[in-house]
Amino acid sequence: MKPVYENWVSHPLKNALMLGTIMLWTAIFACRLLFPDSTVLRGFLTAVLVICFLVCLVFTLLCVNAYDALDSNKGRRRVATHIVDAVADRVVLNEGQTCLDIGCGDGQLTIAVGRKNAMATIVGIDPWPKGADKGHRRCKRNAAAEGVGNVAFEQGSAIALDFDDGTFDAVVSNYFYHKVSNKYNKQDLITESLRVLKKGGTFVIHDIMNPKHFGDLEQLKSRLLAMGYERVDIVDTTDGTFLSPGNAKLLGLAHSTMLIGTK
């Protein structure tokens with residue numbers, strides 16, 4: 001049994017775009033056969049179909065490239081796995097300590113942190129909008145496939161975490177907050193996540209921190225330092241740390257940034 005981790009480019013989406021591109025290409029030639037004597041009408045429809053075909057082709061190529069890069073199971077480049085492992089490498093826990101992964105999805109980061117910290121307990125939470133039972137089963141299946149047993153998964157909301165202050169020795173997250181509705185202040189979501197971190201604990205939060213939605217990260221850093229956090233670092237991971245700037249844009253991961261610190 002192998003683990004199955006999804007990414008933002010789903011297999012059905014990729015196939016739908018490929019099918020749409022083929023159908024538009026076929027329609028261009030069909031138009032010439034259906035309207036052999038109507039030069040104006042045929043020319044107009046052909047022009048429209050060509051434009052639609054080119055747009056669909058561009059999106060298809062971008063989608064196929066991203067699918068291949070981000071797919072953790074069959075992709076040749078395994079970018080997603082590289083990023084998850086790089087985030088997990090920044091979490092070092094001792095025996096008996098605990099870590100919370102916010103927005104665990106299929107459990108990939110939770111499992112990676114658990115594998116690297118075998119004597120600790122890692123808890124992954126996610127709202128699983130498509131079904132908590134299905135999401136929970138998928139995470140447990142992936143953990144079993146990876147042979148990692150020191151992990152647990154729960155349904156939970158990052159808007160109001162169901163944990164007391166100072167519960168965990170580490171808090172991590174990877175590409176989650178940008179998916180939360182923009183009616184919620186992203187910086188407040190992050191401070192809510194860090195509320196459950198113990199004094200002296202570490203946090204590693206990696207996300208698409210577009211200033212339009214996340215605001216000024218330097219202000220967030222100042223805010224956390226004023227709250228008593230010992231260290232807060234802002235790392236642009238598209239500077240070659242995880243991705244190049246051009247590759248990040250092609251994969252839809254521009255503005256990827258990591259917040260690392262100690263409470």
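Between the side chain of Ser222 and the backbone N or O of Glu218 there is at least one donor-acceptor pair closer than 3.5 Å. Judged by distance alone, the side chain of Glu146 and the main-chain N or O of Ala143 form no donor-acceptor pair under 3.5 Å. Of the possible donor and acceptor atoms, one in the side chain of Asp126 sits under 3.5 Å from a partner among the backbone N and O of Gly105. A side-chain donor-acceptor contact under 3.5 Å links Glu192 to the backbone of Leu161. Using modelled atom types, no side-chain atom of Thr26 and backbone atom of Leu24 make a donor-acceptor pair closer than 3.5 Å. Remark: the backbone N or O of Val91 is paired with a side-chain donor or acceptor of Asn117 at under 3.5 angstrom. Lys186 places a side-chain N or O within 3.5 Å of a backbone atom of Val180 that can act as its donor or acceptor partner. The closest donor-acceptor contact from the side chain of Gln187 to the backbone of Phe214 lies under 3.5 Å. Judged purely by atom type and a 3.5 angstrom limit, Gln155 uses its side chain to pair as donor or acceptor with the backbone of Pro127. The main-chain N or O of Gly114 is found under 3.5 Å from a side-chain atom of Asn150 such that the two form a donor-acceptor pair.
Here the two rings, on His206 and Phe242, have centers that are under 6.0 Å apart.
Asn174 is listed as a side-chain neighbour of Ile83, based on a closest heavy-atom distance under 4.5 Å.
Considering every non-hydrogen atom in both Val232 and Lys221, the closest pair reads O-CE, 3.0 Å.
Between Glu230 and Lys263, no side-chain nitrogen of the basic residue sits less than 4.0 Å from a carboxylate oxygen of the acidic one, so the salt-bridge criterion is not met. Under 4.0 Å is where a charged nitrogen must lie from a carboxylate oxygen, and between Arg195 and Asp188 no such pair does.
In this structure, NE2 on His213 lies 4.5 Å from CG on Asn182, to the nearest 0.5 angstrom.
Asp236 meets the side-chain hydrogen bond (donor to acceptor under 3.5 Å, both in side chains) test with Thr238; sequence neighbours excluded.
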